[in-house]
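Everything below concerns the one structure shown next.
Nothing fancy with the numbering, it's 1 onward along the sequence. Hydrogens, waters and symmetry mates play no part in the numbers below; they use all other heavy atoms, side chains included.
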Amino acid sequence: MKICGPKLALCGLVISIWGIIQLVLMGFFYYVRAVALMEDLPMPENKQYNSAGEFYAEVDKGFTLNAQNCWIAACLYLFTLAFSGYQFYVNSRSSVM
């Protein structure tokens, strides 16, 4: 069943592959706690911490949460990749016949 044309299916394939690569890499860098990504952590800006350990625990929780979110989004891109691949296959098969 065709839902989209061959150009849109190919575009979906390319964007899905790029999205998977980018999000898996970002998830990895969040997982290893890359300092360059610290600005993107979901932390309150004006919160006063009682100790350094409390701050580090909050930062670790933010890095872990962002890594998991990146990997979940990469999995969603797998569904887009499968759908676009199927549409590309259906369009290329019907144009041969």
Side-chain angles (χ1 to χ4, degrees):
M1 175 166 92
K2 280 190 200 179
I3 295 176
C4 58
K7 292 179 184 176
L8 182 60
L10 183 62
C11 180
L13 278 170
V14 171
I15 290 174
S16 296
I17 291 170
W18 174 249
I20 291 169
I21 292 169
Q22 179 181 356
L23 288 168
V24 166
L25 285 174
M26 283 183 65
F28 172 74
F29 289 127
Y30 275 118
Y31 183 73
V32 297
R33 280 127 175 88
V35 177
L37 297 173
M38 190 167 175
E39 292 180 1
D40 298 326
L41 296 179
M43 294 176 48
E45 295 204 12
N46 295 328
K47 184 176 178 183
Q48 297 294 324
Y49 296 100
N50 297 330
S51 67
E54 184 181 334
F55 174 74
Y56 289 137
E58 186 80 21
V59 168
D60 282 342
K61 187 173 81 171
F63 273 120
T64 303
L65 178 68
N66 279 4
Q68 289 173 351
N69 286 342
C70 285
W71 291 328
I72 289 169
C75 289
L76 292 175
Y77 266 112
L78 283 174
F79 291 116
T80 307
L81 177 70
F83 175 74
S84 296
Y86 174 72
Q87 288 298 307
F88 188 76
Y89 171 74
V90 167
N91 282 310
S92 66
R93 194 181 82 194
S94 66
S95 65
V96 173
M97 292 181 168

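Separation of atoms CZ (Phe88) and SG (Cys11) is listed at 12.0 Å; rounding is to 0.5 Å. In this structure, the separation between CG on Leu81 and SG on Cys75 is 12.0 Å, given to the nearest 0.5 Å. Interatomic distance, Lys47 NZ to Glu45 CD, rounded to the nearest 0.5 Å: 13.5 Å.
Ile15 approaches Tyr77 most closely through the heavy-atom pair O-CE2, 4.1 Å. Among all heavy-atom pairs drawn from Ser16 and Gly12, the shortest one is OG-O, 2.7 Å. For the pair Ile20 and Ala74, the tightest heavy-atom approach, listed with the atom from each and the gap, is CG1-O, 3.8 Å. Nearest approach of Glu58 to Pro44, heavy atoms of both residues: OE2-CD, 4.3 Å. The two atoms that bring Leu65 and Pro42 nearest to each other are CD2-CG, 3.9 Å, heavy atoms only.
Atom NZ of Lys7 is surrounded by 12 or fewer heavy atoms from other residues, nucleotides or ligands within 6.0 Å. A 6.0 Å sphere centred on CZ of Phe63 holds more than 12 heavy atoms belonging to other residues, nucleotides or ligands.
By the rule that hydrophobic residues join a cluster once side-chain heavy atoms approach within less than 4.5 Å of another member, Leu78 and Ile17 end up as members of one cluster. Leu25 is connected to Leu23 through a chain of hydrophobic side-chain contacts under 4.5 Å among Ile, Leu, Val, Met, Phe, Trp and Tyr, so both are in one cluster. Phe29 and Met38 fall within a single hydrophobic cluster, where Ile, Leu, Val, Met, Phe, Trp and Tyr are joined by side-chain heavy atoms under 4.5 Å apart, directly or via other members. Under a hydrophobic-cluster definition in which Ile, Leu, Val, Met, Phe, Trp and Tyr are linked whenever side-chain heavy atoms come within less than 4.5 Å, directly or via other members, Val35 and Met26 are assigned to different clusters. Under the 4.5 Å side-chain contact rule for hydrophobic residues, Leu76 and Tyr86 do not share a cluster.
In this structure a side-chain-to-backbone donor-acceptor pair under 3.5 Å is present from Asn66 to Asp40. No donor-acceptor distance shorter than 3.5 angstrom exists from the side chain of Asn91 to the backbone of Lys2, with no hydrogens or angles considered. Ser92 places a side-chain N or O within donor-acceptor distance of the main-chain N or O of Tyr89, the cut-off being under 3.5 Å.
For the pair Tyr30/Leu41, a side-chain contact is recorded, criterion being any heavy-atom separation below 4.5 Å from C-beta on.
Annotation: ring-ring contact (aromatic ring centres under 6.0 Å, His included) contacts involving residues 35-56, sequence neighbours excluded, comprise Tyr49-Phe55.
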| Step by step, would you call Thr64 with Arg33 a side chain to side chain contact (heavy atoms under 4.5 Å, CB included)? | CA-CA 8 Å; Thr64 303; Arg33 280 127 175 88; 3.1 Å; yes
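Through side-chain heavy atoms spaced under 4.5 Å, either directly or across other Ile, Leu, Val, Met, Phe, Trp or Tyr residues, Phe83 is tied to Met1, Ile3.
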